[in-house]
Every structure is written in structure tokens, then in C-alpha cells.
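A short write-up of the structure that comes next.
This is a predicted model, so every value here is computed, not measured.
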Amino acid sequence: MDEPEEPAREEPVPDEAAPDEADVDTVTDAVLAASRLLVTIAARSLCTVEHRLTLPQFRMLVVLSALGPAKLVDLAEHLDVQPSTALRMVDRLVAARLVGRRHNPVNRRETELTLTVSGRRVVREVTARRRAVIGTVLRRLPPARRAALVEALDAFNRAGREPRADGAGPGPDAPGWSDPVEEAGRSVSRRAPG
């Protein structure tokens, strides 16, 4: 008995706008290597602070520095953490006298979180140390490479909705970055075999 012929399979037409996955993988590897260096610089910059801080706690201080007085739920949203997680971090930072709590003068039922003088000093000192070390690394690059790096990192930060260090050009979710992570989860689920 003759077996039915299988229909001819059409080769997918490449989408001109779709990124070349090999290119994306190569760039991802380079960004991961750079992020390891940057995390090392960040962690070392925290080691010299008189207060023992984790990177997430320092990130909270930086976000508070950018936001100014903030409610806990707003801070948690910007950090992309649950309010209970943010509360535990705030409690530790209040105990270390880096963050202060006060009643909102407009609505006494709300509590505002602010950086203390010590908290502002820590953000300033840690950021200055990071800048110094990063500057040392960058001086090893020729000027043309540094200019290209600025352009590439500005584009990367815009895509990730991260504001620039000078505060110019914040993304719509500044200073958080939850959307790119959520998008990565969606793109992984779209590629998963179904």
C-alpha cells in the first residue's frame, strides 16, 4: 500500500528586522563579562564603607537618592521587589542610620523614607570610589574605543530603561529595570517548545 506523501515543508523566510541570534549571543557574552567586572568593582567599593552593606541595600540607597522622599511601596516598585522585602531592607538601613522614616507632612498616615546625612555620604563616597576605579580601567582604552563604549552603553542603558549616572535621560521606569527582565521571560517562553 502506498503511503501518503508528506506535504512539502516551506522554509521560513528570515525576518529582516529579527536580530541575528548568534550576534545577540556574542554581545550577551561580552556584556556578561563586563558585568562581572562591574560587579567586582561595585562589591569592592562597598568593602571600604564603615557600614556593612549588600549590593541590593546600596541600590536602595541610590534609588532613594534619585527619588528623594518616597513611600515604601514606591521604593519597592522601583527596585522590583515585594514591599515586605523592601521593608526588611529599610529596617536594616534605618538601624544603620542610613535611612530615616518620618510622617508625611501632608498625610500623617503615610511614612516617608529619606536618606540621612550618613546615607547621602555613603552614596557619594561609594560612587566616587567606583568612578575612580572605572576611570583607571577606561584610561587603558584608546580615546576612540572610549567614545564607542559611551555610545554603546548609552544605547544599552536606554534599552534597559536605566537612567544615566548624571541623571539625564531617565527611562520610563527609572530608576528600576523590571521591564527588560519581564521581556526576557516572555521571549524565553515564546521560544520554548510547545
Review point. Would L153 end up clustered with V137 when hydrophobic side chains under 4.5 Å apart are linked, directly or stepwise?
Key: yes

Practice item. Identify whether F156 and V150 are in the same connected component of the hydrophobic contact network (ILVMFWY, side-chain heavy atoms under 4.5 Å). Key: no

Check your understanding: Would you say R145 has more than 12 foreign heavy atoms packed within less than 6.0 Å of its CZ?
Key -> no

Practice item. List the atom of R97, the atom of S118, and the distance in Å for their closest heavy-atom pair. Key: O-CB, 3.6 Å

Practice item. Say whether V62 and V99 are linked into one hydrophobic cluster, either directly or through other cluster members, by side-chain heavy-atom distances under 4.5 angstrom. Key: yes

Review point. Out of curiosity, L32 CG to L37 CG, how far, rounded to the nearest 0.5 Å?
Key: 13.0 Å

Point to revise | OG1 on T116 to CZ on R101, rounded to 0.5 Å | key: 12.5 Å

Check your understanding: Would you say the side-chain atoms of R139 pair up with the backbone N or O of G135, donor to acceptor, closer than 3.5 Å?
Key -> yes

Practice item. Given side-chain contact (heavy atoms from CB on, under 4.5 Å), test L93 with L53 step by step and report yes or no. Key: CA-CA 9 Å; L93 294 171; L53 291 175; 3.6 Å; yes

Review point. Among the clusters formed by ILVMFWY side chains lying less than 4.5 Å apart, do V73 and V63 turn up in the same one?
Key: no

**Study point:** CZ (R44) with more than 12 external heavy atoms under 6.0 Å
**Key:** no

Exercise for review: To the nearest 0.5 angstrom, please state how far the CG atom of L115 sits from the CZ atom of R124.
Suggested key: 10.5 Å

**Study point:** Which atom of R129 lies closest to which atom of S45, heavy atoms considered
**Key:** NE-O, 3.2 Å

Exercise for review: Taking all non-hydrogen atoms of both residues into account, name the closest pair between A43 and L55 and its distance.
Suggested key: N-CD2, 4.2 Å

Exercise for review: Check step by step if side-chain contact (heavy atoms from CB on, under 4.5 Å) holds for F58 and L98.
Suggested key: CA-CA 10 Å; F58 182 71; L98 298 174; over 6 Å; no

Exercise for review: Starting at OG1 of T111, measure out to CZ of R102 and round the result to the nearest 0.5 Å.
Suggested key: 11.0 Å

Check your understanding: Does V24 offer a backbone N or O that forms a donor-acceptor pair with the side chain of T28 under 3.5 Å?
Key -> yes

Revision key, fill the gap. Looking only at heavy atoms, the pair that brings A86 and M60 closest together is O-CE, 3.6 Å

Practice item. Quick one: closest heavy-atom pair of R52 and Q57, and the distance? Key: O-OE1, 3.9 Å

Practice item. Kindly give the heavy-atom pair with the smallest separation between L113 and L75, and that separation in Å. Key: CD1-CD2, 3.9 Å

Check your understanding: Can you tell me how far the CG atom of L46 sits from the CD1 atom of I41, to the nearest 0.5 Å?
Key -> 12.5 Å

Review point. What distance separates R146 CZ from L141 CG, expressed to the nearest 0.5 Å?
Key: 7.0 Å

Practice item. Check the hydrophobic clustering (I, L, V, M, F, W, Y; side-chain heavy atoms under 4.5 Å; chains of links allowed) and say if L38 and L61 are grouped together. Key: no

Review point. What do the steps show when you test L79 against R59 for side-chain contact (heavy atoms from CB on, under 4.5 Å), and what is the final call?
Key: CA-CA 8 Å; L79 293 168; R59 174 91 173 140; 3.6 Å; yes

